[in-house]
Amino acid sequence: MRYISTRGQAPALNFEDVLLAGLASDGGLYVPENLPRFTQEEIASWADLPYHELAFRVMRPFVAGSIADADFKKILEETYGVFAHQAVAPLRQLDSNEWVLELFHGPTLAFKDFALQLLGRLLDHVLAKRNERVVIMGATSGDTGSAAIEGCKACENVDIFIMHPHNRVSEVQRRQMTTILGENIHNIAIEGNFDDCQEMVKASFADQGFLKGTRLVAVNSINWARIMAQIVYYFHAALQLGGPARSVAFSVPTGNFGDIFAGYLARNMGLPINQLIVATNRNDILHRFMSGNRYDKDTLHPTLSPSMDIMVSSNFERLLFDLHGRNGAEVARLMDGFKATGQLAVADERWSEARRLFDSLAVDDAQTCATIAEVYAQCGEILDPHTAIGVRAARECRRSLSLPMVTLGTAHPVKFPDAVEQAGISKPLELPAHLADLFQREERCTVLANDLAQVQQFVAAHGNRGKPL
Ligand SMILES: *Cc1c(COP(=O)(O)O)cnc(C)c1O
């Protein structure tokens, strides 16, 4: 499989190089040159496969030519073997024909484990083959950091530096990062906010001189491998609910358009999906686009669903590319305009196409809490605030009561106790067994000033399993 840039000017790459690439050299994002398409018979024949074998069938075309079948199978078996539930991604029923797909049984209790557990193993495999080492630098407001560290902790060839805003992530989220100890794991608390952390990552990607020739790899969802891994659970859910003979609807809590884009790809690969709902919190740039053709940058509003607090959606460009007939020059023009003005609108017929593909809803904190309370009263299930946003959108935007509606359950509620408490639920939430002693574990973390030079110096001094590069 070859991958091309959404801006049309960067060289096409194979899977191995895309895995290591981050942004394309023209500023675009990589997408597959041709999407594989499966027949209904083929999809139906996967109905009884365990998760890792289904993952192999769905993802195999994307890695073809870079990763041998036997290696890929082994990697997938290991990846999904670490999940705490036998079904890996079980469905929980809320109401008749209404379900939550629980994607939070991985090591860090959020759906990002599906992609980052795989990414770490793929990186190590490819790097061992090439006899190379890489450095990962990432910024996190919570979930990405812990999932990336858990995914990379066993990697021989990767050093990982995760920056979080000092004193501005929840204690559970901080401890999930800082208690994973290893000479290749480096937590940095920055005396600044999340955007400061993000800016330092961006600046480091733009000028990698401080790394003395070591390559920097991205772990946010601009990395194609993350999107790829997320396609699988749409197939998994649909097969559990009578697909592909029966069509299924999905409601997806999203910020960076990563998870929902994976659903869009699953549909394009032949999975019958009758509705895809974009569910956002008050940071609703995606909903403003879908409902009014206004993709305009707004200020950031902190919410009870912090993992969706974004101003712009990094994967939206991948959709723009398809909406414009995969014309890279057109996308480059739109994105240049957006960079200059903070605003973007598309031609009417392109927007109509987007509206045909997606429904959308923005859900504020009050509605989020009301939904958590409503579902708890109805069936005793406690939702995390991100998942609650998805359920609210599912209930309001649903087109067919006779088809299954699946909301992606993106996190375990124990990670977001504030929202659960504000919803008026006093039942104590318990950490799952593998995290039960989280509050007793030793933490390791370095506090640094909000200063790029100091951060880069720190990376250069520790980027080779704690030793200088
Ligand atoms: C990251 C995250 C999201 C949003 O994912 P996107 O890739 O932006 O679609 C939603 N919920 C939780 C709990 C997350 O950690």
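Computed from a predicted model, the values in this text were never measured in an experiment. Indexing begins at 1, ligand by ligand and atom by atom, following the structure's order.
For Glu191, the CD atom is densely surrounded, since the number of other residues' heavy atoms within 6.0 Å is greater than 12.
Between Glu353 and Arg356 there is a salt bridge, since a side-chain N of the basic residue sits under 4.0 Å from a carboxylate O of the acidic one. One finds no salt bridge joining Arg398 and Glu98 here, because no Lys/Arg side-chain nitrogen approaches an Asp/Glu carboxylate oxygen to under 4.0 Å.
In this structure, Phe104 has its ring center closer than 6.0 angstrom to the ring center of His412.
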Write out each pair where an N or O from ligand 1 and one from the protein are under 3.5 Å apart, with the distance.
unit_1, atom_1, unit_2, atom_2, d
ligand 1, 8 (O), Gly255, N, 3.1
ligand 1, 8 (O), Asn256, N, 2.6
ligand 1, 9 (O), Thr254, OG1, 2.6
ligand 1, 9 (O), Gly258, N, 3.4
ligand 1, 9 (O), Asp259, N, 3.2
ligand 1, 11 (N), Thr410, OG1, 3.0
ligand 1, 15 (O), Lys112, NZ, 2.5
ligand 1, 15 (O), Asp143, OD2, 2.6

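With no hydrogens or angles considered, a side-chain donor-acceptor pair links Asn281 and Ser305 at under 3.5 Å.
Within the structure, salt bridge (Lys or Arg N to Asp or Glu O under 4.0 Å) contacts touching residues 301-320 (residues at least two apart or in different chains) are Arg7-Glu317.
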